[in-house]
**Student:** 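Take a look at this one; I'll ask things after.
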Amino acid sequence: MIGMDEKLSFFKDGLRLDGRLPDELRPIKVEVGVLARADGSCYMEMGENKVIAAVYGPREVHPRHLQEVTRAIVRYRYNMASFSVEERKRPGPDRRSYEVSKVSREALEPVILTSYFPRSVVDVFVEVLQADAGTRTAGINAASVALADAGIPMRSLISSCAAGKVDGEIVLDPMKLEDNFGEADVPIAMNPSGEITLLQMDGRLSKEELQRALELAKAGCQQIYEIQRKVLIDRYSHMDDMGSCDEVVAEEEI
Amino acid sequence: MDRMDRNVVVPGDILSDDPNRSGEGTYVKDGCVRSLLYGMASSYKDKMRVIPLAGKYVPSPGDTVIGTIQDIVFSNWIININSPYEGLLHISELPRKIEMNEMSKYLRIGSSVMIRVKDVDSTMKVELTMNDRRLGILTRGRVAEINPTRVPRLIGKGGSMINMLKKELNCNIFVGQNGRIWVDGNDDDMDLALKTVLIIEKEAHTTGLTDRILEFLRVEKEARS
């Protein structure tokens with residue numbers, strides 16, 4: 001925490017330090033299909049966060065003992081590049097990235113129809129290129145779009161964002177300063193019907209504050225969902241006058 | 001088929017409020033038909049269905065596919081069929097009798113074969129067969145690979161696209177359900193055939209493709225002569 005003698009203010013004329021309203025998201029930029037080798041991929045910027053997600057699969061499971069006879073397994077690897085933060089991050093998995101990987105996987109797994117692909121694996125890799133608070137939510141958003149891009153059957157997309165508390169006020173999508181010096185951070189992930197698949201809380205909130213935070217974060221997720229959906233649809237929009245993709249899968253003679 | 005209602009959907013999009021209209025690539029939740037896939041939605045025989053824009057080949061019985069021999073194990077060949085699952089070809093599934101110790105003489109690791117999926121069980125054990133006059137080892141020609149979701153487009157309605165290609169290109173072409181394509185002809189024709197196939201893959205979702213491809217072939221052939 002910062003020196004107590006100096007009172008830090010997170011608001012100026014009702015606006016946040018980066019000029020946002022309390023219930024405003026940071027600007028988002030999404031690109032689909034950025035990697036040629038991956039089956040599905042997505043690059044996403046949420047404010048100063050830059051993440052890239054790659055999806056491979058369904059494919060054969062290695063090592064073999066991990067495979068499940070009745071369903072596909074989902075593996076999710078969240079990794080921060082050593083240059084993604086101000087002070088060099090020691091490369092490789094650590095306790096934090098194991099946790100983020102686990103909760104992110106559990107945020108996406110409920111919508112994936114794993115029973116369609118027994119004995120296989122869907123691999124999701126999320127690389128954080130630049131971090132500014134909220135990398136796990138950005139990673140989940142990118143991974144969800146990349147999964148759709150890979151043609152993996154899902155019940156819906158997943159959208160994710162966080163709410164936080166600074167200076168006693170609940171704000172949407174906290175950036176680094178607000179996250180580091182704020183009082184609480186609540187990342188969530190949900191499907192467009194509002195069913196939550198990830199809910200974490202760091203810090204302290206009263207019951208009312210948590211409710212307000214959830215409300216804000218849910219509204220944020222809805223906005224993100226619209227962006228995710230639009231980027232996927234726009235990718236093929238140049239062919240709104242659709243051709244006769246065919247009804248018969250003819251098996252022709254040699 | 002109604003052409004107007006073909007549009008791009010993402011997983012979770014509502015396609016119909018009549019649960020009885022749930023077709024391929026959809027599911028029902030809260031009485032609504034929703035999409036399971038990122039793909040093109042259309043109605044087909046009174047059902048809503050979604051055709052994916054990407055995805056892997058999942059073997060199903062009766063599919064004719066092109067595979068490459070990956071390994072030889074006790075009385076079976078393990079065959080890569082461009083899928084998350086490998087195929088098994090038992091020696092009894094060959095058109096003629098072969099001794100166990102002669103397996104590698106007949107089908108070597110790396111050989112390409114045209115093969116049929118005989119059976120797939122619930123654990124996705126894929127049994128293959130070569131016991132058909134039209135199946136066999138590919139000794140000539142070339143094999144190319146496209147996304148399996150584009151195979152129906154390459155074949156065309158009632159085979160319109162593929163028959164046009166065969167005629168125009170003077171090539172023998174076979175499209176496996178797993179997205180592998182075998183072409184046989186003279187070298188120039190095969191070059192053009194593979195080039196065309198890749199264009200079809202890239203533009204599979206556009207309208208009037210068969211006519212455009214025909215035009216493309218005319219131009220290419222004129223440039224050649």
**Student:** Using heavy-atom distances under 4.5 Å, tell me whether A/A150 contacts chain B through its side chain, its backbone, both, or neither.
**Tutor:** backbone
**Student:** Does any heavy atom of chain B fall under 4.5 Å from the side chain of A/L157, the backbone, both, or neither of them?
**Tutor:** both
**Student:** Answer with side chain, backbone, both or neither: which region of A/L147 has an atom nearer than 4.5 Å to a non-hydrogen atom of chain B?
**Tutor:**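 For A/L147, there is no contact with chain B at all, as no heavy atom is under 4.5 Å.
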**Student:** Under a 4.5 Å cutoff for heavy-atom pairs, which residue among B/D184, B/V10, B/T210 has the most contacts with chain A?
**Tutor:**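 Top count of heavy-atom pairs under 4.5 Å with chain A: B/V10.
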**Student:** Please classify the contact between B/K45 and chain A as side chain, backbone, both or neither, with a heavy-atom cut-off of under 4.5 Å.
**Tutor:**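 Neither part, no heavy atoms under 4.5 Å.
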**Student:** Check whether A/T70 gets within reach of chain B through its side chain, its backbone, both or neither, counting any heavy atom under 4.5 Å.
**Tutor:** neither
**Student:** Mind ranking B/L209, B/T26, B/D13 by heavy-atom pairs under 4.5 Å with chain A and telling me who comes out on top?
**Tutor:** B/D13
**Student:** Would B/E145 and B/R180 pass as an ion pair if we require N to O under 4.0 Å?
**Tutor:** yes
**Student:** Should the pair B/D46-B/R21 be classified as a salt bridge under the 4.0 Å nitrogen-to-oxygen rule?
**Tutor:** no
**Student:** Examine whether an atom of A/P192 lies under 4.5 Å from a heavy atom of chain B, and if so say whether it belongs to the side chain, the backbone or both; otherwise answer neither.
**Tutor:** neither
**Student:** What part of A/Y225 is in contact with chain B, defined as an atom under 4.5 angstrom from a non-hydrogen atom: side chain, backbone, both or neither?
**Tutor:** side chain
**Student:** So, A/K230 and A/D234, do they make that salt bridge, N to O below 4.0 Å?
**Tutor:**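 Counted as a salt bridge, because a side-chain N and a carboxylate O are separated by less than 4.0 Å.
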**Student:** Under 4.5 Å heavy-atom distance to chain A, tell me which part of B/S122 shows up: side chain, backbone, both or neither.
**Tutor:**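 Looking at B/S122, just its backbone touches chain A.
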**Student:** Ring of B/Y44, cation from B/R49 - is the NZ or CZ under 6.0 Å from the centre and inside 45° of the axis?
**Tutor:** yes
**Student:** Can a salt bridge be assigned to the pair A/R136 and A/E99 using a cut-off of 4.0 Å between side-chain N and carboxylate O?
**Tutor:** yes
**Student:** Side chain, backbone, both or neither: which part of B/S83 has a heavy atom under 4.5 Å from chain A?
**Tutor:** neither
**Student:** Would you call A/E195 and A/K218 a salt bridge, using N to O less than 4.0 angstrom?
**Tutor:** no
**Student:** If the threshold is 4.0 Å, N to carboxylate O, is there a salt bridge linking B/K56 and A/D39?
**Tutor:** yes
**Student:** Hey, are B/E203 and B/R150 close enough for a salt bridge, meaning a charged N less than 4.0 Å from a carboxylate O?
**Tutor:**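 Salt bridge flag = no for B/R150 with B/E203.
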